[in-house]
Amino acid sequence: MLAPKKSKYRKAQKGRIRGLAKGGTTLNFGAHGLKSLEAGRLTARQIEAARRAITRHIRRAGRVWIRIFPDVPVSKKPAEVRMGSGKGSPEFWICRVKPGRILFELEGVSLDVARQAFLLGAAKLPIGTRIVSRPSEESAE
């Protein structure tokens, strides 16, 4: 699973995810991509589950790029612990995703295979997504 090797701070505040994605909104590596339509928090487990579903469907043909990285720690208190006595310890890592962000990219497979793979991968994610392709790729087919 994805997680940073080290981070500047052990715990982070929750914050709010507002606005549209500032960067990572265009296809840079592959011919097809999975783009987010809404804001949300993706855990490292969800990203890994989606990646496995995509790579399993394309059967080692082509190449997959993961364009997001979980770098925000989420802390959690143990079960049945009273209120107070500070913030809990970091339990897992998340990635804050804004609308318009490219999550995954694919290269070396047809549009039909990519569409089916992204549908399987998107089923593992808690946010709405859509499949995008390069304009030159669609006009050539």
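Just so you know, residue 1 is the first one in the sequence shown, and it goes up from there. Keep in mind that the numbers below use all heavy atoms, side chains included, and drop hydrogens, waters and symmetry copies. Predicted, not measured: the structure shown is a model, and the values here were computed from it.
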Open item on the list: Please list all pairs meeting ring pair (Phe, Tyr, Trp, His ring centres under 6.0 Å) that have one or both residues in residues 10-29, counting only residues at least two apart or in different chains.
Closed with: Phe29-Trp65
Open item on the list: Keeping Glu105 on the side-chain end and Leu27 on the backbone end, is there a donor-acceptor pair under 3.5 Å?
Closed with: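 No; judged by distance alone, with no hydrogens or angles, the pair does not exist.
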TODO: Check whether any side-chain N or O of Arg134 sits under 3.5 Å from a backbone N or O of Gly30 as a donor-acceptor pair, and report yes or no.
DONE: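 Flag set: sc Arg134 to bb Gly30 pair under 3.5 Å.
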Do [X] and [Y] sit in one hydrophobic cluster, given that two such residues count as connected whenever their side-chain heavy atoms are within less than 4.5 Å of each other, even indirectly?
{"X": "Ile131", "Y": "Leu103", "answer": "yes"}
{"X": "Val74", "Y": "Leu125", "answer": "no"}
{"X": "Val72", "Y": "Ile68", "answer": "no"}
{"X": "Phe69", "Y": "Leu34", "answer": "yes"}
{"X": "Val64", "Y": "Leu119", "answer": "yes"}

How far does [atom1] of [X] sit from [atom2] of [Y], to the nearest 0.5 angstrom?
{"X": "Asp71", "Y": "Lys8", "atom1": "CG", "atom2": "NZ", "result": "13.5 Å"}
{"X": "Leu2", "Y": "Ile47", "atom1": "CG", "atom2": "CD1", "result": "6.0 Å"}
{"X": "His57", "Y": "Leu106", "atom1": "NE2", "atom2": "CG", "result": "9.5 Å"}

Could you list the donor-acceptor pairs under 3.5 angstrom formed by side chains in residues 38-45, with sequence neighbours left out?
residue : atom : partner : partner atom : Å
Glu38   : OE1  : Gly128  : N            : 3.3
Thr43   : OG1  : Gln46   : N            : 3.2

Task: Residue list, salt bridge (charged side-chain N to carboxylate O under 4.0 Å, His left out) with Arg52, at least two apart or on another chain - done: Glu48
For residues 79-99, dump all side-chain donor-acceptor pairs below 3.5 Å to protein atoms at least two apart in sequence or in another chain.
residue : atom : partner : partner atom : Å
Lys87   : NZ   : Ala12   : O            : 2.7
Arg96   : NH2  : Gln13   : O            : 2.9
Arg96   : NH2  : Lys14   : O            : 3.0
Lys98   : NZ   : Arg18   : O            : 3.1

Which atom names give the shortest non-hydrogen contact between [X] and [Y], and what distance separates them?
{"X": "His32", "Y": "Ser133", "answer": "ND1-OG, 2.8 Å"}
{"X": "Asn28", "Y": "Arg67", "answer": "ND2-NH2, 3.3 Å"}
{"X": "Gly121", "Y": "Ile54", "answer": "CA-CG1, 4.0 Å"}

Open item on the list: So, using side-chain contact (heavy atoms from CB on, under 4.5 Å) as the criterion, who are the partners of Leu37 when residues are at least two apart?
Closed with: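 Leu37 satisfies side-chain contact (heavy atoms from CB on, under 4.5 Å) with Arg130 once adjacent residues are dropped.
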TODO: Would you please test Lys35 and Ile102 for side chain to side chain contact (heavy atoms under 4.5 Å, CB included) and show each step?
DONE: CA-CA 4 Å; Lys35 191 178 220 177; Ile102 301 286; 4.1 Å; yes
- [ ] List, by chain and then residue number, the residues other than Tyr9 in its hydrophobic cluster (Ile/Leu/Val/Met/Phe/Trp/Tyr, side-chain heavy atoms under 4.5 Å); write none if there are no others.
- [x]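 When side chains under 4.5 Å apart are linked, Tyr9 ends up in no cluster with other residues.
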